[in-house]
Amino acid sequence: ASKSTGKARYTVFTEQHRRRVIDLVALEADLGKALTREEFSLHFQGIVDVTSGDVVGAEALLRWQHPRRGLLSPADFLPAAEAGGLMVDVGAWVLEEALRQAARWRLVARRDCFVTVNVSAQQLVRGDYVRRVRQALAGSGVPSRSLVVEITESQVLPSSASVLDQLRELRDLGVQVAVDDFGTGYSSLSHLATLPVDLVKIDRAFLTDLADSRRSAVLRSAVEMTRAVGATCVVEGIETQEQYDAVRATGARFAQGFLLGRPRPGYVV
Ligand code: C2E
Ligand code: MG
Ligand code: MG
Ligand code: MG
């Protein structure tokens, strides 16, 4: 009996596995057409200055309106896009579209506000990213100070001298560099101190169980670390008033999260 159960389980596994492989291949093929079919869009989530409560900028977050599967989030398709080597082209579109939107907000709001874009390591390794940024900025009329490029801590950690050089070149242009998802990788202070960085985005993992004094002490020290390297702190993923109060008590400058504003298409600033 145990033998036949094992066999059944094996059959189920291979069938699931087979389907997953087919899904991934189909998704990659669809992704290849998504740019020309204009199926990508950006949602924007406001970033709040905690001292004033004002929305001072927004993060651009990629969405894909799939013809059959509906609106997809990055987790559903970024791995396939990375695997298919598509992030250079997709990322270039994100950059241009984010700056187009930012230019519009600046007209309507008549004040300074920044836009942040997530960049994958692939764009910095294979692409001509700095040149693209220079061109996109010139085309949009948005000042370089108002563009923030976010790179995930775990992607910048094993990075080559060339990736670090490009981040420095971006800063020389006046663009700000943010380390994203800080605290999910190795997060050493000595490593952070070597990175060319203006902003540090503290991962929402730091917001769990803040009633526990040890957890709130860890959040405080993460904010302290960003300050120690001269960076400005953004705390991500604030969902409750309690979390927001705790974050404000740390002295962090910026905050972002569902409590303060959900990602949505179009105008947020
Ligand atoms: P991220 O850069 O850390 O972006 C923040 C993510 O947290 C977003 O998920 C956002 O919707 C979500 N979020 C914001 N506030 C809250 C909150 O209060 N609670 C919770 N639970 N989540 C919150 P999203 O849009 O699904 O994006 C996931 C990740 O995909 C992003 O994480 C980013 O690393 C990546 N991504 C998004 N757009 C792009 C892009 O244009 N290019 C690249 N390379 N990566 C992107
Ligand atoms: Mg981000
Ligand atoms: Mg990110
Ligand atoms: Mg993040």
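These numbers were taken from a predicted model, which means no experiment stands behind them.
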pair R63-P263: side-chain heavy atoms closer than 4.5 Å: yes
Quick one: does T250's side chain have a donor or acceptor within less than 3.5 Å of a partner on A252's backbone? yes
In one Ile/Leu/Val/Met/Phe/Trp/Tyr side-chain cluster, 4.5 Å: V94, L72: yes
Less than 4.5 Å apart, any side-chain heavy atom of V133 and any of L95? yes
D198 (side chain) donor-acceptor with V177 (main chain) under 3.5 angstrom: yes
Is the side chain of Q123 donor-acceptor paired with the backbone N or O of V88 at a distance under 3.5 Å, no angle test? no
Do R220 and E224 meet the salt-bridge criterion of a basic N to acidic O distance under 4.0 Å? no
Taking V223 as the starting point, is it possible to reach F206 by hopping between hydrophobic residues whose side chains are less than 4.5 Å apart? yes
Kindly say whether G183 contributes a backbone atom to a donor-acceptor pair with the side chain of E153 at under 3.5 angstrom? yes
Close side-chain approach of V48 and V56, heavy atoms under 4.5 Å: no
Determine yes or no for a side-chain-to-main-chain donor-acceptor pair under 3.5 angstrom, with Q45 supplying the side chain and G261 the backbone. yes
What pair of heavy atoms forms the shortest contact from R171 to P196, and how long is it? NH1-CA, 3.5 Å
For R214, does the CZ atom have more than 12 heavy-atom neighbours from other residues, nucleotides or ligands under 6.0 Å away? no
Shortest non-hydrogen contact from S190 to T194? O-CG2, 3.3 Å
Within the 4.5 Å heavy-atom criterion, are V148 and L199 side-chain neighbours or not? yes
So how far is it from L31 CG to L78 CG, rounded to the nearest 0.5 Å? 9.0 Å
Take the angle between the ring planes of W64 and F77 and call it parallel below 30°, perpendicular above 60°, tilted in between. perpendicular
Starting from the C-alpha separation in whole Å, work towards a yes-or-no answer on side chain to side chain contact (heavy atoms under 4.5 Å, CB included) for S146 and R106. CA-CA 10 Å; S146 301; R106 297 172 66 85; 3.1 Å; yes
With heavy-atom distances below 4.5 Å as the criterion, would you say the side chains of L42 and L61 are in contact? no
Crowding at CZ, R145 (>12 non-hydrogen neighbours, <6.0 Å): no
Show the numbers, then the answer: is there a side chain to side chain contact (heavy atoms under 4.5 Å, CB included) between R264 and F44? CA-CA 5 Å; R264 55 188 189 81; F44 291 90; over 6 Å; no
Please report the C-alpha distance between V235 and Y244 in whole Å, then the side-chain angles of each, then the deciding distance to 0.1 Å, and finally whether the side chain to side chain contact (heavy atoms under 4.5 Å, CB included) criterion is met. CA-CA 9 Å; V235 181; Y244 192 34; over 6 Å; no
Check the angle between the aromatic planes of F114 and F254 and answer parallel, tilted or perpendicular using the 30° and 60° thresholds. tilted
Over all heavy atoms of both residues, which pair between E28 and A83 is shortest? Give the atoms and the distance, please. OE2-CB, 4.1 Å
How far does CG of D112 sit from CH2 of W105, to the nearest 0.5 angstrom? 12.5 Å
With heavy-atom distances below 4.5 Å as the criterion, would you say the side chains of L137 and L147 are in contact? yes
Decide whether V115 and V197 are clustered together by the hydrophobic rule: side chain heavy atoms of Ile, Leu, Val, Met, Phe, Trp, Tyr closer than 4.5 Å, transitively. yes
Walk me through it: do E236 and D181 pass the test side chain to side chain contact (heavy atoms under 4.5 Å, CB included)? CA-CA 8 Å; E236 292 192 282; D181 307 326; 3.5 Å; yes
Quick one: is the NZ or CZ of R132 closer than 6.0 Å to the six-membered ring centre of Y129, and within 45° of its axis? no
For residues Q122 and A81, report the shortest heavy-atom separation together with the two atoms involved. OE1-O, 4.2 Å
Donor-acceptor contact present, side-chain E239 to main-chain F258, <3.5 Å: no
To the nearest 0.5 Å, what is the distance between CZ on R204 and OG1 on T184? 11.0 Å
Is R227 reaching over with its side chain to a backbone N or O of G251, donor-acceptor style, under 3.5 angstrom? yes
Connected via hydrophobic side-chain network under 4.5 Å: L259 and I47: no
Rounded at 0.5 Å granularity, tell me how far OG in S120 sits from CD in E150. 13.0 Å
Other residues, nucleotides, ligands: >12 heavy atoms within 6.0 Å of Q241 CD: yes
Can you measure from OG (S41) to CG (L71) and round to the nearest 0.5 angstrom? 6.0 Å
Whether the side chain of S73 engages the backbone of D76 through a donor-acceptor N/O pair (distance < 3.5 Å, no angle test) should be reported. no
Linked, directly or transitively: L62 and L99 (ILVMFWY side chains, under 4.5 Å): yes
Main-chain N/O of R131 paired with Q135 side-chain donor or acceptor, under 3.5 Å: no
With no hydrogens and no angle check, just 3.5 Å: does a side-chain donor-acceptor pair link T208 and R215? yes
Heavy-atom closest pair, residues V117 and A98: CG1-CB, 3.5 Å
When rounded to the nearest 0.5 angstrom, what distance separates CZ in R168 from CG in L173? 14.5 Å
Within-4.5 Å side-chain heavy-atom neighbours: L27 and R69: yes
For R68 and D30: C-alpha separation, side-chain torsions, deciding distance, then whether salt bridge (charged side-chain N to carboxylate O under 4.0 Å, His left out) applies. CA-CA 10 Å; R68 291 178 313 280; D30 292 343; 3.3 Å; yes
Could you report the tightest heavy-atom contact between S213 and S216, atom names first, then the distance? O-OG, 3.1 Å
Where the side chain of T226 meets the backbone of T232, is there a donor-acceptor pair that is under 3.5 Å apart? no
Side-chain heavy atoms of R134 within contact of S144, under 4.5 Å: no
By side chain to side chain donor-acceptor pair (under 3.5 Å), which residues pair with E59, not counting sequence neighbours? N118, K201, Q256
